[in-house]
Amino acid sequence: MEGILAWFESIKADFILNFITKDRWLLLAKGLGNTLLMTVYALLIGVVIGIVIAVIRSTWDLNSSRMKNPVGKFIFSILNKIAVIYTTVLRGTPMVIQLLILYYVVFAWSSEGLLVASLSFGLNSGAYVAEIFRGGIMSIDKGQFEAGNSLGFNYIQTMWYIIAPQMFKNVLPTLANEFIVLLKETSIAGYATVNDLTYAGNRIRGVTYSPFMPLIAVALIYLGLVMILTHFVGKLERRLRQSDNR
Amino acid sequence: MITVKNLQKSFNNLHVLRGIDQHIGKGDKVVLIGPSGSGKTTFLRCLNLLEVPTGGSICFHGQEITDAKCDINKVRMQMGMVFQQFNLFPHLTIMDNITLGPRKLLGVSKADAEEQAMKLLARVGLQEKARNYPRQLSGGQQQRIAIVRALAMNPEVMLFDEPTSALDPEMVGEVLDVMKQLAEDGMTMVVVTHEMGFAREVADHVIFMDEGVIVEQGPPEQIFGNPQQQRTRDFLRKVLK
């Protein structure tokens, strides 16, 4: 009994030391805010880049043999090459290295660590999102394009009204997975001196010399965020599956 | 209405269409028959440029549709197409499948498009399915909806690409009945089919194709009753047993 009480007391002291003293919890709160901010920025950048690249690459794959205008075809072939190189490089090098290059080389003049890190995560995520969307577009039956075309829809209208809604439903689980990876990936933002959640936890550990509390707290916060995200994606997915009901 | 001159189509080194000349007039019911690989489906798909011809010309109301200046989407709005695999949009209800084209392409209001859709659905006896999704329907029902979807655009001509080939035998009749009704209403139709009974009954012009050319054509009485070419006779003997 004595032992348990003593253990409980030490936990309590540890908790107070790491979170209450000098309002250290504020550091975590600020870090959490930055983590969320970077995730949202990166997500937006990633989705935009992903869509652009996926449309370029699938348009090329599906239609290059039918393009009649030689100038248009040449421009598209260049765009397609750029897109291929982009995905190859961004998926083929470590995220940390990309972040360091962007922060210390490309934007060496800038002290906006958070924005640079967001951009870096977005650029990286875009390469993965592009492949997810491209796979989604290519997996749609060719008959769907033809049915849209035969009614008189042009390529963009067919994509928008017919292909995209089906594709989005198909790729949603994979896309959600990518967003979860992205959220956790932002934990390396400290390399660009961003005070994110991980960095905050680590700083508390550095001053209190008591690693257990801050690190477990950080882990639990990430876990909670991922679970919330998963929950909402599941809800959305069920709604999108309505047309599958028999 | 449609005039085809010396139509050629190659896929890489495979020469599928080797010079087709054909005129399709308003109200014609043209049925294309022939063995698989004869090019009849490719010919049909060239008519609305789902396949781009490698040679020759196709004129629709005097307009050269293979010309780069021609807005093919405008032409396609006037040509309905029904596919072997139905190709309904699985993410949309039956109602939305039918009204998507008229609303987005013809600028018809939602209320008007739905009213017209209900009339068309009544013609094929599927009004009660308006709020269902394609997957909830049988193959025969889906194909009848596909016909309605094409009709909702008020096309001048309807192209049918083996519309009953993917159906269970007991559902073939219901689709053919809709097509017969359409023919009676005076719709211009071009049909690729293996249903010889339908060809004999509905067609006013039957085209027998083999190896990328038209071997023989004429009224059904001639093609089925007194074929002139040996290849036609061989083919009909096989399919009619």
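Per chain, numbering begins at 1; letters A, B, ... match sequence-line order.
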Considering all heavy atoms, the nearest [X]-[Y] contact:
X        : Y        : result
B/His91  : A/Tyr161 : NE2-O, 3.1 Å
B/Arg149 : A/Ala147 : NH2-CB, 3.6 Å
A/Ser150 : B/Asn48  : CB-ND2, 4.0 Å
A/Gln157 : B/Leu105 : OE1-CD2, 3.7 Å

A/Leu151/B/Met153 under side chain to side chain contact (heavy atoms under 4.5 Å, CB included): CA gap, chis, key distance, verdict: CA-CA 8 Å; A/Leu151 286 170; B/Met153 294 293 288; 3.9 Å; yes
Close side-chain approach of A/Asn149 to B/Ile72, heavy-atom, < 4.5 Å: no
Going by heavy atoms in the side chains, are B/Phe89 and A/Pro165 under 4.5 Å from each other?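 B/Phe89 vs A/Pro165: side chains apart.
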Answer yes or no: are there more than 12 heavy-atom neighbours, outside [X] itself, under 6.0 Å from its atom [atom1]?
X        : atom1 : answer
A/Lys81  : NZ    : no
A/Phe74  : CZ    : no
B/Lys5   : NZ    : no
A/Ile156 : CD1   : no
A/Tyr41  : OH    : no
A/Tyr191 : OH    : no

Residue pair B/Leu100, A/Ile162: steps toward the side chain to side chain contact (heavy atoms under 4.5 Å, CB included) verdict: CA-CA 10 Å; B/Leu100 185 70; A/Ile162 295 156; 4.1 Å; yes
Examine whether an atom of [X] lies under 4.5 Å from a heavy atom of chain A, and if so say whether it belongs to the side chain, the backbone or both; otherwise answer neither.
X        : value
B/Arg45  : side chain
B/Met79  : backbone
B/Leu159 : neither

